[in-house]
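Notes for the one structure printed next.
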Amino acid sequence: MICEICGNAEATIHIQEILNTKTTEVHLCESCAKNKGLKDSFDSLQFSFVNLINDIVNPQDNTEEIIQIKCSLCNTSYNDFINKRLFGCSECYNSFKDFIPSLLRKLHSHTKHIGKIPSKSLSMIKNIDRIETITKRLKNAVEEENYELAARLRDEIKYLKDKYAKK
Amino acid sequence: MPKNKKIKYSRWLDANGPNSNIVISSRLRIARNLDRTQFPSIANKTQTQNTVKKINNAINTNPFFKSCTINTINKLSEKTKNLMMERDIINKDFLHGYGKELIIAKNEQYNILVNEEDHIRIQVIRSGLQLSDIWNTANTIDNELERNLNFAFSEKYGYLTACPTNIGTGIRASVMIHLPALKLLTQIGNLFKTIQQIGFTIRGFYGEGTDAIGDIYQVSNQITLGLTEKEIINNITNITNQIINYEINARKEIIEKDTLSITDKVWRSYGILQYAKSLNLIETMNYISDLRLGIDLDILKNINYSMLNRSYILIQPGHLKSIYSEESESNLNILRADIIKNNLKEVYK
């Protein structure tokens, strides 16, 4: 069997992942396995495997763009993440939002949190919803050239953002 | 054996939890991070200092944490760090580096690691199978910490962690479980397959993969996102109960099909532990495994699980050196044989 990454050497490493009832297989040669960071311990194996899956199962057309992304807060790059398998800060989850959902689906078979919410965030979440709704209304007001309404809505958004920022 | 060297043991070694004949301990780990703050792997000194300041402040200003002691890892001796590693409180990645703290509650009810892979890791360990109770404790600790800290949280993805394998609930629930009968019946391979197919991980607690020293395994949840915390706890509790049943049936089969064989095995192991002059770590763990089984099958009397649990700790290199004040590596096997003999003797008085 030929290595699925380089397409040249003989595949000597065969990995099978079973997630719920879905089975995925990957076959690679030794040097590609090394390049992908395949180490001996189980934890590294689990995550390197995710890298492999991302490359093989979901080839990225816009890989060039993704590589350019850096976190707006901590400056972690896509490559930093792939090498360390760690993000740099909470803001990374926003900066890299294009590939987060598929990554999480591979790791957890789910992409949405349904568990505990910190009590401070309960009001934040309501606030965010409100800000989003009002922003939409602001957009409409501007399109309809209702500038007086737009000004009032903008003030309200500022008020809500300040209120949340203080907490 | 040095007289009366007093050793404080973690409560969970006392083996008084449910199913502690098979489940040695349950543990829960909750990962939390501060919002909009560099995670430990990339934080510089100033950022780390800030993080530590905020977390220490949250601990010091909250009466809930008044019985906790904050230990700065850098200030601990190599000896103490080794002892903590042997007790499975910290791992070797936590030994070095700036800004790492271990916060221990009274009676080691729980501990909090600061600046491990995440800013905060709450850890609760108890004897036997009691993950629901552990979750209640850990949840309360989380709520108390949250009073004075802003945790990184997103409505979509839940609690944000340095590694995406922990995201969402941020909880890793695991059990440390003793499966000598399944091993004897060569059923461990099948067990591994079954467990891995339903989204859990199982590995030898000491040693790699299916090769578990002392027949001790760890089962933990793999998925942390998309389930509620209670669902995760329920799932792993249910699986553990199933594994317990498999092990119980396997033990029954062994004692019924060939009583002499297992009785002989247990007593031989006891004999070696009682009379050997030199014991290496791996063989000792395996003999202790036989004794654990022997207690459950009523082959050995006047010996209890808590004694054996403590032995796991005592026979490790750091603890031996600490108890006997020995520096020389080459004597360790002799010291080990001595301490085991003395510990078993205690019980038989």
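Just so we're on the same page: letters track the sequence lines, and every chain starts at 1.
- Taking CG of A/L104 as the start and CG of B/L225 as the end, the distance is 6.0 Å to the nearest 0.5 Å.
- A/L86 is not listed as a side-chain neighbour of B/F39, based on a closest heavy-atom distance of 4.5 Å or more.
- For chain A, the option among B/N33, B/D142, B/I232, B/I171 with the highest count of heavy-atom pairs below 4.5 Å is B/D142.
- With values rounded to the nearest 0.5 angstrom, A/S90 atom OG is found 13.5 Å from B/Y157 atom OH.
- If you take CG on A/N94 and NZ on B/K156, they are separated by 7.5 Å, rounding to the nearest 0.5 Å.
- Using a distance-only test at 3.5 Å, with no hydrogens or angles considered, no donor-acceptor pair links the side chain of A/H108 to the main chain of B/L227.
- Between the CD atom in B/E117 and the NZ atom in A/K84 there is a gap of 11.0 Å [rounded to 0.5 Å].
- For B/Q47, no part lies near chain A; criterion is any non-hydrogen pair under 4.5 Å.
- Within the 4.5 Å cutoff, the side chain of A/K116 has no heavy atoms near those of the B/T169 side chain.
- Atom NZ of A/K112 is surrounded by more than 12 heavy atoms from other residues, nucleotides or ligands within 6.0 Å.
- Taking SG of B/C163 as the reference point, atom CG of A/L107 lies at 7.5 Å (rounded to 0.5 Å).
- The side-chain heavy atoms of A/Y93 and B/I167, taken from C-beta on, include a pair separated by under 4.5 Å.
- Looking at every heavy atom in both residues, A/I114 comes nearest to B/G226 through CD1-O, 3.4 Å.
- Put simply, OG1 on B/T165 and CG on A/L103 are 9.5 Å apart, with the number rounded to the nearest 0.5 Å.
- Only the backbone of A/T111 comes within less than 4.5 Å of a heavy atom of chain B; no side-chain atom from C-beta onward does.
- Counting non-hydrogen atoms of other residues, nucleotides and ligands closer than 6.0 Å to CD of A/E148 gives a total of 12 or fewer.
- Using a 4.5 Å heavy-atom threshold, the side chains of B/Y159 and A/S121 count as separate.
- Considering only heavy atoms from C-beta on, B/F153 stays 4.5 Å or farther from A/K120 through its side chain.
- Within the 4.5 angstrom heavy-atom criterion, only backbone atoms of B/L149 (N, CA, C, O) approach chain A.
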